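Note sheet for the following structure.
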2 protein chains.
Amino acid sequence: MRPYTQVLERLRSANLRPTRQRLALAKLLFDGGDRHITAEQLHGEAMTAGVRVSLATVYNTLHQFTDARLLREIVVDAGRSYFDTNTSEHHHFFYEDSGKLEDIPHDELHVSQVPSAPDGAVIKSVDVVIRVAAAQAAQ
Amino acid sequence: MRPYTQVLERLRSANLRPTRQRLALAKLLFDGGDRHITAEQLHGEAMTAGVRVSLATVYNTLHQFTDARLLREIVVDAGRSYFDTNTSEHHHFFYEDSGKLEDIPHDELHVSQVPSAPDGAVIKSVDVVIRVAAAQAAQ
DNA sequence: AACTACTTTAGAGTAATTCTAAATTAATCC
DNA sequence: GGATTAATTTAGAATTACTCTAAAGTAGTT
Ligand SMILES: [Mn+2]
Ligand SMILES: [Mn+2]
Ligand SMILES: [Zn+2]
Ligand SMILES: [Zn+2]
């Protein structure tokens, strides 16, 4: 919770003013380990922590942080996206029953032979999601 | 457009009555090559083809077909899911600019060392999406 | 043909997210 | 430090993609 300077620096280099809201959200996001969090959840945590910030700002901030590569966005379900504070290369288990995401460490899954992007395009990310469900629910 | 019998058989074995709507949608979906299509798009095609079917039925049918393994559902964006008529194992390029999906043939990308599912759980699918964007838009 | 279970549908409802335009705040300049 | 300007925040409305409900219609069975 000291390395505010780090976030501050990254905000500055992304041309994002370190406002009260952005700093508070950054603190909630980056203090204490890797997280997979939705906009609503983060908004809830802000409320609980007594940080007054609108849901629209939470969405704006999450997307700005994602653009600045402070976060990764992971889409699992139509209608739900998670923001991941772990921006290193790694993949995910998605538990269909609980809706939870779990990291798969980078060394435990390998995507090889990634084809190059079509001409004029550039690869933004390689996202692997392994969907799992309770054993009896499977076919 | 002859192999109605095929679809019919698969519907029967999934305990889905071959209704006018299901047969018409199956025809639109499976006649003519692999497709990545949204519910709204399929509904539009049905309208154009003069097939009267409600959007609710399109959604129901797509999900039933997915459960019967006639389709695969691919989630790319929060708030948009595609249904893929190609149910064989393969992965996708997603063009962030146009919103289009493109197949990556199975032999051009390999996921190795897939970790086993946690206890009591079973892997439903391994989904790889490579997000690409126009070159200048990339960081 | 009658019966029953499954299916379809219009329309209302929901959830997540985005938009708009007015109010606020941060950074810059004197 | 106060004025100026541009970025940011916000409430609330709007949008989008989908799901639900309950009533009407249809398929399969006898
Ligand atoms: Mn987004
Ligand atoms: Mn679905
Ligand atoms: Zn993660
Ligand atoms: Zn495909």
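In what follows, every chain begins at residue 1, and chains take the letters A, B, ... in the order their sequences are listed. Note that the structure is predicted; figures quoted are calculated from it, not measured.
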| field | Spacing between B:Leu62 atom CG and C:dT7 atom P, to the nearest angstrom | value | 15 Å
| Within residues 39-54 of chain A or reaching into it, pairs that qualify as salt bridge (charged side-chain N to carboxylate O under 4.0 Å, His left out) - sequence neighbours excluded | A:Arg35-A:Glu45
| message | I need the CZ-P distance between A:Arg80 and C:dT18, as an integer number of Å. | response | 16 Å
| note | With sequence neighbours left out, the residues meeting side-chain hydrogen bond (donor to acceptor under 3.5 Å, both in side chains) with A:Thr19 are none
| remark: Scanning both residues in full, the closest heavy-atom pair of B:Val126 with B:Ile123 reads CG2-CG2, 4.2 Å
| query | Which residue pairs pass the ring-ring contact (aromatic ring centres under 6.0 Å, His included) test with at least one member in residues 110-134 of chain A, sequence neighbours excluded? | reply | A:His106-A:His110
| said: Using a 4.5 Å cut-off between side-chain heavy atoms of Ile, Leu, Val, Met, Phe, Trp and Tyr, which other residues end up in the same hydrophobic cluster as A:Val75? | reply: B:Val75
| query | Nearest-Å distance, CZ (A:Arg12) to C1' (C:dA26)? | reply | 10 Å
| Annotated protein contacts, base or backbone, on nucleotides 7-13 of chain D with a non-hydrogen cut-off under 4.0 Å, one of B, S, - each | SSSBS--
| request: Figure out the CG/P separation between A:Leu11 and C:dT25, and round it to whole Å. | output: 19 Å
| For the pair made of NE2 in B:His43 and P in C:dT8, what is the distance, rounded to whole Å? | 13 Å
| query | Is the distance from OP1 or OP2 of C:dT18 to the nearest side-chain N or O of A:His63 less than 4.0 Å? | reply | yes
| request: State which residues pass ring pair (Phe, Tyr, Trp, His ring centres under 6.0 Å) with B:His92; sequence neighbours excluded, sorted by chain then number. | output: B:His36, B:His90
| query | Could you give the OH-to-P distance, from B:Tyr59 to D:dA17, as a whole number of Å? | reply | 7 Å
| Donor-acceptor under 3.5 Å (A:Thr57 side chain, A:Val53 main chain) | no
| To which residues is A:Phe94 joined in a hydrophobic cluster, defined by side-chain heavy-atom contacts under 4.5 Å among Ile, Leu, Val, Met, Phe, Trp and Tyr, whether direct or through other members? | A:Ile74, A:Val76, A:Tyr82, A:Leu101, A:Val129
| task | Using the ring-ring contact (aromatic ring centres under 6.0 Å, His included) rule, collect all pairs that involve residues 6-30 of chain B, keeping only residues at least two apart or in two chains. | result | none
| field | Separation of atom CG in B:Leu42 from atom C1' in D:dA17, rounded to whole Å | value | 15 Å
| query | Given axes from five pairs at either end, by how many degrees does the helix from C:dA1-D:dT30 to C:dC30-D:dG1 bend, rounded to 10°? | reply | 30°
| query | How close or far is atom P of D:dT16 from atom CD of B:Gln41, stated in whole angstroms? | reply | 15 Å
